[in-house]
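First comes the structure, then the notes that go with it.
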Amino acid sequence: MTTSLSVRPDASEYPPFYHGYVSAVPDGDLIALLREGGLAMRAVATQVPEERGGFRYAEGKWTIREVLGHMIDAERIFSYRALRIARGDTTPLPGFEQNDYVRTSGSDARTIASLVDELTAVRESSVHLFESLPDDAWARRGIASGKEVSVRALAYIVAGHARHHLTVLREKYLAGRE
């Protein structure tokens, strides 16, 4: 693990909106935590029977398949932001409207198995990206969604966002089924 990764990002490295995600990540080797998180995502998601994939815990909430699709999309976007900023690209990066992405993703027409496979592949890709970064890249900052963010913070956001949605899946969608 690089020296930069042994330090949790401070609040100046990310917009306040992401504090919950960053703070949800335990202390430790971030790369190992990302790997473990990938295993946890797979373990939880593979417990969902195909026939339950369209379940919503309340009206207007996403289905289980849509949650998994959202996790895939968000991790790709956060990792892409990290790649661009790590490479020194100073182009401001646009935001994304998660509900629009979910609505047009087609996730609800897919199988749980295909979503789990893709989620696993995306996490493996994220791990490889973060693992490959030189030490000086972690402190680089750029603009995403109109706010400054560091590469280190984006790695924590990737980990924390997935942890958040795993908690939601466990508590709202799978309670009593695990």
In terms of the angle between their ring planes, are [X] and [Y] parallel, tilted or perpendicular, with boundaries placed at 30° and 60°?
X: F96; Y: F78; value: perpendicular
X: W62; Y: H70; value: tilted
X: Y21; Y: Y18; value: tilted

[atom1]/[X] to [atom2]/[Y] distance, rounded to the nearest 0.5 angstrom?
X: I85; Y: S150; atom1: CD1; atom2: OG; value: 8.0 Å
X: L119; Y: R42; atom1: CG; atom2: CZ; value: 9.0 Å
X: I77; Y: L154; atom1: CD1; atom2: CG; value: 12.0 Å
X: E124; Y: L129; atom1: CD; atom2: CG; value: 14.0 Å
X: I72; Y: S105; atom1: CD1; atom2: OG; value: 9.0 Å
X: H165; Y: R170; atom1: NE2; atom2: CZ; value: 13.5 Å

Shortest non-hydrogen contact from [X] toward [Y]:
X: L68; Y: A45; value: CD2-CB, 4.0 Å
X: A159; Y: V25; value: CB-CG2, 3.8 Å
X: P9; Y: V22; value: CG-CG1, 3.9 Å
X: A155; Y: L30; value: CB-CD2, 3.5 Å
X: R123; Y: A162; value: NH2-CB, 3.4 Å
X: A144; Y: V149; value: CB-CG1, 4.1 Å

Quick one, S12 with R141, criterion side-chain hydrogen bond (donor to acceptor under 3.5 Å, both in side chains). Give me CA distance, side-chain angles, the key distance, then yes/no.
CA-CA 10 Å; S12 74; R141 295 179 187 217; 3.3 Å; yes
Co-membership, hydrophobic cluster, residues L83 and L34, 4.5 Å side-chain
yes
Any P26 side-chain heavy atom under 4.5 Å of R163 side chain:
yes
With a 4.0 Å cut-off, would you call [X] and [Y] a salt bridge?
X: E131; Y: R35; answer: yes
X: D108; Y: R103; answer: no
X: K61; Y: E66; answer: no

Test side chain to side chain contact (heavy atoms under 4.5 Å, CB included) applied to F130 and V158, step by step
CA-CA 11 Å; F130 291 122; V158 164; 4.2 Å; yes
Check this for me: Y80, atom OH, are more than 12 non-hydrogen atoms of other residues, nucleotides or ligands nearer than 6.0 Å?
no
Could you check whether atom NE2 of H19 has more than 12 heavy atoms from other residues, nucleotides or ligands sitting under 6.0 Å from it?
no
Is there a donor-acceptor contact under 3.5 Å from the side chain of [X] to the main chain of [Y]?
X: S145; Y: K147; result: no
X: R81; Y: I143; result: no
X: E50; Y: I112; result: yes
X: T120; Y: V116; result: yes
X: R152; Y: E13; result: no
X: S79; Y: R76; result: no

Decide yes or no on side chain to side chain contact (heavy atoms under 4.5 Å, CB included) for D29 and E36, but give the supporting numbers first.
CA-CA 11 Å; D29 176 338; E36 291 164 14; over 6 Å; no
Does T63 form a side chain to side chain contact (heavy atoms under 4.5 Å, CB included) with V67? I'd like the steps, not just the answer.
CA-CA 6 Å; T63 66; V67 170; over 6 Å; no
Apply side chain to side chain contact (heavy atoms under 4.5 Å, CB included) to the pair I64 and L169, showing each step before the final yes or no.
CA-CA 8 Å; I64 294 172; L169 281 171; 4.2 Å; yes
